[in-house]
Amino acid sequence: MENTARNIEIGGIIKIQKGKEEKSDKKKLDRYATEIISEEEYNKDFHHADALTEIEDINKMILGLYNKKNISSMILFIVGINTGYRPVDLLSWRWCQIVDENGNFLKLFAMPEHKTGKTALVNLNPTAIKALEWFREYKKENEQDFSESNYVFSNMETRGNKSYVWIEKENERVWNTDKKHKNKGLMYACSDGEKVVCDENIILGDNEKFIKLRTPINTDSVSRHFIDCAKKSEIHGHFSSYTIRQTFSYWFRKTLASDDTLKNVADYYFSTRLLSSYFQHSNTKITERHYMRDHQRVFNKVIRKMNLGENALDLIIKREYEKNNGYGEQISF
């Protein structure tokens, strides 16, 4: 058979052209001039957040955030380590989206992911629900103009229009104060990937078409709160807002391994491969979608068993209601 000319690059290592292998132009290191680097230096290039692998450190983080009055970051931390949802997605939650018609928090719901655009299923275990229930009551008592339409993880303080966004009722488009625009008095929104600019007087003066909501905190603030709290509490590691997802991942595996569910999961994946092969499906996703739909029960069971930070949360809730015994004092275990 004739060898057809091809130009293929495989992982930047081997190039095949006209049936002939060529050596990669990747530079080799001099084996006699290697540089020894520390573990910290090695990790910092690709590793941006550590998990909290001790229950004591989780409780320290929660109580530290509470004592510093970073309440929104504290509740975000508790909900995040118990759900595994990305911080940027948690920050998009509004109260009205995560409750039913009676005002009770949903235990299981689906929301789109900001990064992937895919729809992800969110499990709220008892500790996450307890944290959100307490936080809603706390905000009702301490936040001016509390609204169920507001974002869950918003700041308590306001700094003029910079602390708010406006949602266009008709299409849910979000308008912000344009802080960087050369011309003051403008607001912007993103529509179909493009920035749309508008006179702010049009939006500020139309209460029927636009809803005014408190701006959620941002991931940079959350990272700063976590780092400061870890340093003060002598929790060692490299932390950021993504510590939430890393911590969830660690404790999900740990909880799974300590439960008889682990065997069930191993059996599930092995049997899925066998069944997929027997049915001659092109991939295991087809088999999972149509014939292995019971795996969600495994996820629900493990997440509901985790309940990370429950002891610290209970201590905070108790302290908040003990107004006659030093309300506002710092607490610790």
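Quick caveat, the model's predicted, so the values are computed rather than measured.
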>> One pair to check against side-chain contact (heavy atoms from CB on, under 4.5 Å): His225 and Lys68. What are the steps and the verdict?
In response: CA-CA 9 Å; His225 293 160; Lys68 290 286 288 182; over 6 Å; no

> Does one hydrophobic cluster hold both Ile55 and Tyr66, with members joined at side-chain heavy-atom distances below 4.5 Å?
Replying inline: yes

> Any ion pair linking Glu133 and Lys130 (charged N to carboxylate O, less than 4.0 Å)?
Replying inline: no

> Should we say atom NZ of Lys254 is surrounded by more than 12 heavy atoms from elsewhere, each under 6.0 Å from it?
Replying inline: no

>> Looking at His114, is its backbone amide N or carbonyl O close enough to the side chain of Asp89 to form a donor-acceptor pair, meaning the two atoms are under 3.5 Å apart?
In response: yes

>> Using side-chain heavy atoms (C-beta onward) and a distance below 4.5 Å, is Phe105 in contact with Trp95?
In response: yes

> Looking only at side chains, do Lys212 and Ser147 share a donor and an acceptor under 3.5 Å apart?
Replying inline: no

> Is there a donor-acceptor pair closer than 3.5 Å between any side-chain N or O of Asn102 and the backbone N or O of Asn104?
Replying inline: no

> In terms of hydrophobic clustering (I, L, V, M, F, W, Y; side-chain heavy atoms under 4.5 Å; direct or indirect links), are Phe252 and Leu108 co-clustered?
Replying inline: no

> Which of parallel (below 30°), tilted (30 to 60°) and perpendicular (above 60°) describes Phe77 and Phe226?
Replying inline: perpendicular

> Is there a donor-acceptor contact under 3.5 Å from the side chain of Thr247 to the main chain of Leu52?
Replying inline: yes

>> Does the Lys NZ or Arg CZ of Lys195 fall within the cation-pi geometry relative to Tyr188 - under 6.0 Å from the ring centre and within 45° of the axis?
In response: yes

> Are Asn218 and Ser221 close enough that a side-chain donor and a side-chain acceptor fall under 3.5 Å?
Replying inline: yes

> Short question: side chain of Thr243, backbone of Asp50 - any donor-acceptor pair under 3.5 Å?
Replying inline: yes

> Do the side chain of Asn283 and the main chain of Ile286 share a donor and acceptor less than 3.5 angstrom apart?
Replying inline: yes

> Does atom NZ of Lys115 have more than 12 heavy-atom neighbours from other groups under 6.0 Å away?
Replying inline: no

>> So Trp251 and Ile58, do their side chains get closer than 4.5 Å, heavy atoms only?
In response: yes

> Around Lys305, counting heavy atoms of other residues, nucleotides and ligands shown, do more than 12 lie under 6.0 Å from its NZ?
Replying inline: yes

>> Trp166 and side chain to side chain contact (heavy atoms under 4.5 Å, CB included): which single residue from Leu213, Asn176, Leu204 fits?
In response: Leu204

> So, does Asn82 use its side chain to make a donor-acceptor pair with the main chain of Leu308 at under 3.5 Å?
Replying inline: yes

> Is the backbone N or O of Asn150 less than 3.5 Å from a side-chain atom of Arg94, with the two atoms forming a donor-acceptor pair by type?
Replying inline: no

> Judged by modelled atom types alone, do Arg214 and Asn155 share a side-chain donor-acceptor pair under 3.5 Å?
Replying inline: no

> Is the side chain of Asp206 donor-acceptor paired with the backbone N or O of Lys209 at a distance under 3.5 Å, no angle test?
Replying inline: yes

>> Counting C-beta onward and ignoring hydrogens, is there a side-chain heavy-atom pair between Ile203 and Cys198 closer than 4.5 Å?
In response: yes

> Taking the inter-plane angle between the rings of Phe153 and Phe135 on a 0 to 90° scale, is it parallel (under 30°), tilted (30 to 60°) or perpendicular (over 60°)?
Replying inline: parallel

>> Using modelled atom types and a 3.5 Å cut-off, is there a donor and acceptor pairing between side-chain atoms of Asn142 and backbone atoms of Tyr138?
In response: yes

> Any link between Val99 and Leu76 through a network of hydrophobic side chains (Ile, Leu, Val, Met, Phe, Trp, Tyr) touching at under 4.5 Å?
Replying inline: yes

> Does the side chain of Asn59 pick up a donor-acceptor pair with the side chain of Asn311 at under 3.5 Å?
Replying inline: no

> So, does Asn123 use its side chain to make a donor-acceptor pair with the main chain of Asn300 at under 3.5 Å?
Replying inline: no

